[in-house]
Amino acid sequence: MGNGKAIQWFPGHMTKAKREMEASLKLVDMVIELRDARIPFSSSNPMLKKMINKKPYLIILSKKDKADDFLTKEWTDYFNNQEISCISMDLLKDNVIKLVKDEVHKIMKPWIERQKSRGINPRAIRVMVTGIPNVGKSTLINRIAKRKIAKTADKPGVTRSLQWIKLDKDIDLLDTPGILWPKFEDEIIGLNLAIVGSINDDILDLERISVYALKKLIKNYPQFLIDRYNIELEEDPYIFFEKLGRSKGLLRRNEVDYERCYKFFLTEIRNDKLGKITWEKVNEENNK
Ligand SMILES: Nc1nc2c(ncn2[C@@H]2O[C@H](COP(=O)(O)OP(=O)(O)O)[C@@H](O)[C@H]2O)c(=O)[nH]1
Ligand SMILES: [Mg+2]
């Protein structure tokens with residue numbers, strides 16, 4: 001389970017990641033933050049906004065192919081209504097280069113105009129990509145570079161040499177992403193990150209994750225569950241997992257093996273077997 005490369009964050013890592021981020025920030029004119037479209041709130045970093053201060057900023061909601069289209073629209077509207085640029089993307093299939101460079105040009109237009117009005121011939125716009133682990137930073141950079149370069153160890157604090165990739169004739173992209181930690185303080189955030197497979201399962205309890213996911217699905221996507229498993233939905237989540245275990249033969253000595261049920265269920269969710277799901281809504285109580 002999990003992606004096997006989840007980072008365990010310790011205070012030392014965070015300090016170092018923050019320092020590296022600040023060093024990179026000094027070099028760039030604009031920041032792109034990647035977030036997972038399935039959890040646009042939980043996949044953000046608590047310090048980024050303060051760190052980037054007033055630099056132009058773009059949020060890209062990645063993995064939109066896995067998220068609920070209706071809610072993705074709500075989330076992009078939500079940010080755009082606060083004057084925060086936000087677009088959604090399937091980083092594997094969309095025309096990433098065109099989408100990103102058009103957006104960068106749009107956002108940086110006032111900067112270009114300002115330079116021109118001062119009689120300065122604008123130099124290339126410098127951009128960096130940042131985000132928590134597993135949001136698609138390397139995928140985005142690799143697609144822009146059209147080669148496998150972002151292969152540096154995916155850990156904060158690994159010494160690196162910075163290089164620039166041409167995104168367009170007048171846009172340079174830093175080849176190394178800023179890696180930041182998610183918000184840990186809230187258990188719901190940890191659960192959301194676990195559901196989409198962005199933190200190690202063993203940090204959290206499989207049962208807790210699965211029961212939370214099931215309750216959310218019963219509330220927001222009941223038809224997905226019914227269509228996939230043909231199980232009548234009940235109040236008690238254990239009855240659901242009992243029935244799921246029996247129907248899928250997830251047994252041990254003729255008894256339902258709950259551990260296997262949870263793993264099965266979470267794998268189904270992560271592989272989009274139930275459908276395109278978004279786990280948090282705009283203005284939900286926990287999106288503080
Ligand atoms: N379906 C889908 N998968 C994506 C997308 N973007 C990234 N991925 C996958 O998500 C995983 C993590 O991506 P990666 O670029 O390594 O994330 P990083 O940790 O932020 O560098 C990889 O398996 C990617 O193939 C996307 O838009 N759609
Ligand atoms: Mg990476």
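Order of appearance sets the numbers: ligands from 1, and atoms from 1 within every ligand. What's counted below: heavy atoms across the whole structure, side chains too, no hydrogens, waters or symmetry copies.
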Under-4.0 Å heavy-atom contact with ligand 1, by part of M89 that carries it: backbone
Kindly identify the option in [options] whose heavy atom sits closest to [atom].
| atom | options | value |
| --- | --- | --- |
| atom 19 (O) of ligand 1 | D36, N134, L34 | N134 |
| atom 15 (O) of ligand 1 | T139, I132, I141 | T139 |
| atom 28 (N) of ligand 1 | L61, D65, T130 | D65 |

Short N/O/S contact of N134 with the Mg ion (ligand 2) (below 2.8 Å):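 No, N134 does not qualify, because none of its backbone or side-chain N, O or S atoms lies under 2.8 Å.
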Geometric N/O contact S138 with ligand 1, under 3.5 angstrom: yes
Polar proximity ligand 1 side, V135 side, N/O cut 3.5 Å exclusive: yes
Numbering as shown, the atoms of ligand 1 that approach K66 to under 4.0 Å (heavy-atom distance): 1 (N)
Close-contact set for ligand 1 against D90 heavy atoms, below 4.0 Å: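 It comes down to these atoms of ligand 1: 26 (C), 27 (O), 28 (N).
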Test of ring centre spacing under 6.0 Å for F265 and F240: yes
S42 and N192: CA distance, side-chain angles, deciding distance, side-chain hydrogen bond (donor to acceptor under 3.5 Å, both in side chains) verdict: CA-CA 7 Å; S42 294; N192 283 331; 3.1 Å; yes
Tell me yes or no: between the side chains of [X] and [Y], is some donor less than 3.5 Å from an acceptor?
| X | Y | value |
| --- | --- | --- |
| E207 | Y212 | no |
| K116 | N121 | no |
| Y221 | D68 | yes |

Exercise: identify the closest heavy-atom pair between E33 and S44: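 Answer, listing the atom of E33 first, then S44: OE2-CA, 3.6 Å.
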Heavy-atom check, side chain of I144 versus side chain of K101, under 4.5 Å: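 No. Closest side-chain heavy atoms not under 4.5 Å.
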